[in-house]
Structure formats: structure tokens, C-alpha cells
2 protein chains.
Amino acid sequence: MNIGDVSEASGLPAKTIRYYEDIGLITPLRSDNGYRQFTQAHLHKLAFIARARGLGFSIEQCRTLLALYEDRERASADVKALAETHLAEIDAKMAELADMRRTLADLVQCCAGDHRPDCPILKGLAAPVTGD
Amino acid sequence: MNIGDVSEASGLPAKTIRYYEDIGLITPLRSDNGYRQFTQAHLHKLAFIARARGLGFSIEQCRTLLALYEDRERASADVKALAETHLAEIDAKMAELADMRRTLADLVQCCAGDHRPDCPILKGLAAPVTGD
DNA sequence: CTTGACCTTCCAGTAACGGGAAGCCCTATC
DNA sequence: GATAGGGCTTCCCGTTACTGGAAGGTCAAG
């Protein structure tokens with residue numbers, strides 16, 4: 001398969017697939033004309049990466065996951081640990097966003113949002129509301 | 001004030017403050033020795049930016065907020081609209097994270113996490129679970 | 001006079017690609 | 001055979017919002 005085929009099959013842009021080759025995630029062979037030649041195994045790997053990325057794993061985490069995936073002796077505990085680490089990262093981000101959201105929603109709610117210049121949002125940014 | 005003073009007062013690293021000057025967010029004067037000279041107004045602006053950044057506004061959104069902040073004729077509706085746009089961005093990110101979290105948590109829960117190689121997480125990444 | 005803390009500029013790197021240029025390859029059509 | 005098109009190649013720059021580090025000027029204290 002050429003890059004266009006795996007691109008369509010995996011849903012990944014060709015640019016992204018070339019990038020993954022650059023950083024050593026996949027290593028397609030080349031045909032005589034210099035075109036990358038992909039096998040089903042390559043496609044499988046790319047789909048794996050696409051799904052892991054879709055779950056928010058970083059490229060380096062994907063690299064580790066792929067290595068574990070290809071290691072028939074791996075312990076599932078290793079995979080689980082990585083997944084749990086990532087789960088914790090997600091939770092941390094969600095908590096951070098929730099904090100922002102709370103504060104921002106408060107400010108928005110206080111703002112009349114009319115033609116007048118008086119704006120509690122800007123006031124809140126200029127001097128944070130102290131709950132004391 | 002020198003950059004170290006505003007850095008400490010605003011909580012922003014000196015590097016970041018220089019960067020903000022680079023991109024035109026602030027424009028301190030220079031003293032004879034070439035050092036940046038900051039006023040209370042500069043510090044005020046930096047603190048404003050720091051808080052807006054803390055709420056997740058992008059640099060460009062901060063630039064707009066600053067412009068609105070310094071425009072005595074602005075309508076609070078403009079500020080509110082920007083804040084609501086950002087609120088929607090936050091909500092979108094939270095929803096995306098929640099989706100990831102759900103799927104990942106499901107996989108993690110199915111994984112024994114022991115010394116054996118059998119791992120539902122890797123299986124799930126290799127071929128997504130279809131709910132059909 | 002030297003030491004050390006501060007300040008300056010500039011260059012490079014981060015994550016994970018995306019855009020676009022310049023140019024080769026292959027097939028189809030006229 | 002010439003050409004048009006689409007796909008492929010490499011290469012380099014741009015993105016966001018900084019951070020790290022090198023090389024060197026400035027200033028106050030001992």
C-alpha cells in the first residue's frame with residue numbers, strides 16, 4: 001500500500017504518518033521509485049496509535065504502549081500502570097479546567113453584557129475577588 | 001522597577017515578561033544602562049495578564065481583553081462575548097476529556113493488572129470495542 | 001579588584017504536527 | 001509523443017507560549 005491508502009484506512013493524514021516514520025514509530029519499506037510501502041501490520045500499528053492518541057496518550061506513551069503491545073511477555077500490570085498514570089493526568093486537567101470554569105462563569109454571570117462600559121469581568125481580572 | 005521586581009510582584013518569570021514585550025503586550029521604557037524600567041501601570045497590566053492566563057485565555061484573547069480594559073468606552077457586552085466564547089472552549093475541552101476518561105477507565109477496569117500478558121487495554125487499542 | 005547577583009541579547013528546543021514549495025513518478029488521454 | 005492530473009518525495013518554516021542556556025554588560029559590597 002502507498003501512503004494515501006494507509007492514510008485513508010487509518011484516518012491519519014499522510015503528513016502525520018510521515019512524521020511518525022521520522023520519529024521512529026513505524027518503519028515502512030521503500031519501493032524502487034522511493035515510495036513508502038506499507039503492510040497490513042503497519043496499518044494495524046497506525047490504527048493502534050490513532051486510537052491511543054485519541055485517548056490522549058502522548059507520542060512517547062504511544063511508543064511505550066506499542067512496545068508493550070509487541071512484547072508477548074509483557075505483564076498487563078505494566079500497561080495498566082501506564083494507563084492509570086494517564087488517567088490521573090486527565091483527572092488533573094479536568095480539575096484545572098473545572099476551576100477555571102467556575103471562576104469564569106462567576107464573572108460572566110455578574111456581567112450585564114450591555115452597552116455600558118462597566119464590566120465585572122474586567123474588574124475581576126484587574127483585581128481578583130478575595131473571599132475574605 | 002527592574003524586571004526582577006515586577007517578576008516577583010506579578011509572579012511571572014522574567015523570561016515570560018521579556019516575551020510579553022517581544023510580542024507587544026507591554027512596552028517598558030529603558031534606562032541608560034539598557035535595563036527595562038517598569039511602572040506600577042506595567043505591573044498592573046502584567047498581573048491582569050497573569051490572571052487572564054490563569055483562567056485559560058490565550059495570549060491573543062489577553063491582548064483583546066487588555067485593549068478592552070484600556071478602552072473607557074468599551075461595552076461590557078464585548079467582554080462578556082469573549083468570556084463566553086472562552087467558556088464554551090473550556091466546556092468543549094472538558095467534554096473531550098470526559099469522553100477519553102470514560103473509555104480509558106473502562107479499559108483499565110477490565111485489566112487484571114497482574115504478571116500475565118493478557119491485557120484488555122492493549123486489546124481495546126488494537127480493535128476498539130463496538131457496542132453492537 | 002574581584003565576586004556575585006542582576007541584567008542584556010540571541011539561539012535553540014519543546015509537542016505534534018500543518019502548509020507550502022520544488023520536483024519526481026505514473027497513468028490516461030489526445 | 002506530448003501533456004495534464006494526481007500522488008509521491010524531501011525540505012523548510014510556522015504554530016503556542018514559553019523555557020533553557022550561552023556570552024557578555026552592569027552594579028553594589030567587601
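Between the OH atom of A:Y19 and the C1' atom of D:dC8 there is a distance of 21 Å, rounded to whole Å. Atom pair A:I26:CD1 and C:dC17:P shows a separation of 12 Å (rounding to whole Å applied). Residue A:N2 contributes atom CG, which lies 14 Å from atom C1' of C:dC24 at whole-angstrom precision. Separating the CG atom of A:D5 from the P atom of C:dC26 is a distance of 15 Å, rounded to the nearest angstrom. With rounding to whole Å, A:K15 atom NZ is found 13 Å from D:dT15 atom C1'. Atom-to-atom, CG of A:D22 to P of D:dC13 comes out at 15 Å; the value is rounded to the nearest Å. Rounding to whole angstrom units, CD of residue A:E21 and C1' of C:dA16 are separated by 16 Å.
In terms of phosphate contacts, A:R30 brings a side-chain nitrogen or oxygen within less than 4.0 Å of OP1 or OP2 of D:dT10. A close approach under 4.0 Å does not occur between any side-chain nitrogen or oxygen of B:N33 and OP1 or OP2 of C:dC7. When the side-chain nitrogen and oxygen atoms of B:T16 are compared with OP1 and OP2 of D:dA17, none of them lie within a distance under 4.0 Å. Side-chain nitrogen and oxygen atoms of A:Y35 include none within less than 4.0 Å of the OP1 or OP2 phosphate oxygen of C:dC24. For B:R18, no side-chain nitrogen or oxygen approaches OP1 or OP2 of D:dT19 to under 4.0 Å. OP1 or OP2 of D:dT10 has at least one side-chain nitrogen or oxygen of A:R36 nearer than 4.0 Å.
With D:dC8, C:dC17, D:dA17 as the choices, the nucleotide that has an atom nearest any side-chain atom of A:I3 turns out to be D:dC8.
Within 4.0 Å (heavy atoms only), A:I23 reaches no atom of the nucleic acid at all.
Between the side chain of B:D106 and the main chain of B:T103, no donor-acceptor pair closer than 3.5 Å is present.
A:Q37 CD: more than 12 foreign heavy atoms inside a 6.0 Å radius.
Ion pairing between a basic and an acidic side chain is recognised when a charged N comes within 4.0 Å of a carboxylate O; A:R63 and A:E60 show such pairing.
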